[in-house]
Amino acid sequence: MKNKYYKFLDLGYQPLANQFLSKKDLLKKEKKYRLSVGLNKSNFLVSIKDTFTSKEMFDENYPYRSSMSKSVSTSFKKLSRQIKKKFKCKKILEIGSNDGTFMKYFNKKNIIGIEPCKNVEKITKNKKFKTYPLYWNDKTCQFLKKKYGEFDLIFSANTLSHIKDLGNVFKNISKILSEKGILIIEDPSLLDCLKKNAYDQFYNEHIYVFSCISLNEILKKNNLEIFKIENIELAGGSIRYYIKKTQNKLKIDKSFKIQINKELKFGLKKISTYQKFSKRVIESKNKLKEIFNNLKKKNKKIIGYGATAKSTTVLNYCRIDHNLIDYFVDTTPGKQNKYTPGTKIKIKKYEKEIKKDVDFVFLGAWNFKKEIFLKEKKFIKRGGKFITHVPFPKII
Ligand code: TMP
C-alpha cells in the first residue's frame, strides 16, 4: 500500500489553516503538522499525507462563512435556478451547508442541510431552514434515511474532499440517493491548481484535491459515475461534477470526456508532472520572498487582503510574517481582531476601502481578484499595487 503513494511536495511545518489566534493565544505553542502532498499511483488521487480528524478541524469555532463572498452567492443562485429547471427535484440534501448560502435559494420544504460546525449551522437554522449539526458519516446517513427516505438531489460544495474516508463518503451517498437521483459536488480542480502553481490549495482541510480522473475512479467503486462537468472560477478554479448512479441511463455529456482528455494531456497520470510542479513551487517561494524583502527595504507599507485558509499555507511556507505584513483586512467577523495562524499577523475589520497609507496589498484571497479589483478602484487609481503569487509571484 505504502509504495503506491508518491510524495512530491513538502510545504514544511504548518499550523491548522483556519486556527486563527486570539490575543491570549499568541504566547501559546501552536499545534503544527508537516504538510506534504503525494499522489496515489493507482487511482491518481492527490492527497496530503498527515491528516486531522473532522472533529479536530470542524467545530463550533469554525470561522469560514460562504455568504462572505459575493461570487459564491451569485454562483449558488445561478445553480439553484438550473437545478429547479432541469431536475425538478422535491427532496434535496446539502452536505456541509455552512451558513445556508445555497439553501436559501430553495423552498424550505424541499431542502435539508447538515453542517457540523454549530456556529454556522445555527445561522441557517435561525432562518427557519431544516439543518442538523452533523458530520457526514454512517450514523448521519442512517438517521436521514430513516427520517426522510431517499433524496433526489444531493449537493456538496468544498466539503467531500475534506473527509478522509472517501470510500465511506460515497458508499453512504449511494445508499441515500434515489435510483434516478443526482449528486452535484464542487471542489478545487487539480488541473487548475497545477497550472496556476496554486500550492496553497493544499492545507489540512483539503485532504484531497480531485481531478476528474481520480474522482471517477473512486465513484466507480460505489456504483456512481460522473456524467457532466463544468469548470467554474470559484475557490481558485473548481470543477462542478454532476454524478449519477451507474444504472441510470442518462447520457454522458461530452464535457466529461473533454476534461479527462485535458487532464491526460497535461500529464496528471505522470510522475514527472508532479515533480515539475514541485520545482515551480520552490521557485515561487523564493520569488515571493524576494518581492517582500525588496519592498520592505524601501520601507513600503504592505497589508494583506483576505485572510484565507490558503494564505496560511503561503505565509508559513514562505515565512512571511508580521514583520513583513502590517495587518490583514477581512470581511469575516470570526477572523477579525484575531491573528493569522503561525505568522501572527493582526486581522482587522475591512472598512469600506484600503487605508491611504498603504502602498502594497498582498492578495490572500487571490481567487476573488476580479471582485476585489472592482471594489478597490480608488486604491488602484492612486497608484496602489497588489502582490500575488498566482500563477507566478508578481506586483500588479
Ligand atoms: P476563501 O478563499 O476561502 O473563500 O476565503 C475568502 C476570504 O477572503 C474570506 O475570509 C472573506 C475574505 N474576503 C474579503 O475580506 N474581502 C473580499 O472582498 C472577498 C471577496 C473576500
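Note that the numbering runs from 1 along the sequence shown for the chain. Just follow the structure's listing: the first ligand is 1, and inside any ligand the first atom is 1.
- Interface atoms of ligand 1 facing K335, defined by a heavy-atom separation under 4.0 Å, are 9 (C), 10 (O).
- With hydrogens left out, the protein atom closest to atom 3 (O) of ligand 1 is Y64 CE1, 3.5 Å, a heavy atom.
- Under the 4.0 Å criterion applied to side-chain N and carboxylate O atoms, K296 and D326 are assigned as salt-bridge partners.
- Atoms of ligand 1 lying under 4.0 Å from any heavy atom of Y305, numbered from 1 in the order shown and given with element: 16 (N), 17 (C), 18 (O).
- T308 CG2, 3.4 Å is the protein heavy atom nearest to atom 5 (O) of ligand 1.
- W136 and N168 form no side-chain donor-acceptor contact under 3.5 Å, judged by distance and modelled atom types alone.
- For S69, no nitrogen or oxygen atom sits less than 3.5 Å from a nitrogen or oxygen atom of ligand 1, counting backbone and side chain alike.
- The only option from L219, I218, N222 that meets the side-chain contact (heavy atoms from CB on, under 4.5 Å) definition with L166 turns out to be I218.
- Cation-pi contact between K285 and Y317: present, with separation from the ring centre below 6.0 Å and deviation from the ring axis of at most 45°.
- A donor atom on one side chain and an acceptor atom on the other are found under 3.5 Å apart for Q259 and N231.
- For Y350, no heavy-atom contact with ligand 1 is shorter than 4.0 Å.
- Residue E371 approaches ligand 1 through these ligand atoms, each under 4.0 Å from one of its heavy atoms: 20 (C).
- Residue A365 has at least one heavy-atom neighbour below 4.0 Å for each of these atoms of ligand 1: 8 (O).
- A perpendicular orientation is assigned to the rings of Y132 and Y148, their planes being inclined by more than 60° (bins at 30° and 60°).
- Contact annotation: for K375 versus ligand 1, heavy atoms closer than 4.0 Å belong to the side chain alone.
- At a heavy-atom distance under 4.0 Å, no atom of V72 approaches ligand 1.
- Ligand 1 has a nitrogen or oxygen under 3.5 angstrom from a nitrogen or oxygen of T332.
- Applying the 4.0 Å criterion to heavy atoms of N367 picks out, from ligand 1, the atoms 2 (O).
- Taking atom 12 (C) of ligand 1 as the reference point, the nearest protein heavy-atom neighbour is D330 OD2, 3.4 Å.
- Side-chain rings of Y199 and H389 approach one another, their centers coming within less than 6.0 Å.
- If you look at T331 next to ligand 1, the close heavy atoms, those under 4.0 Å, come from the backbone and the side chain alike.
- No continuous path of ILVMFWY side-chain contacts below 4.5 Å connects Y305 to L374, so the two sit in separate hydrophobic clusters.
- In this structure, K125 pairs ionically with E121, as a charged nitrogen and a carboxylate oxygen lie closer than 4.0 Å.
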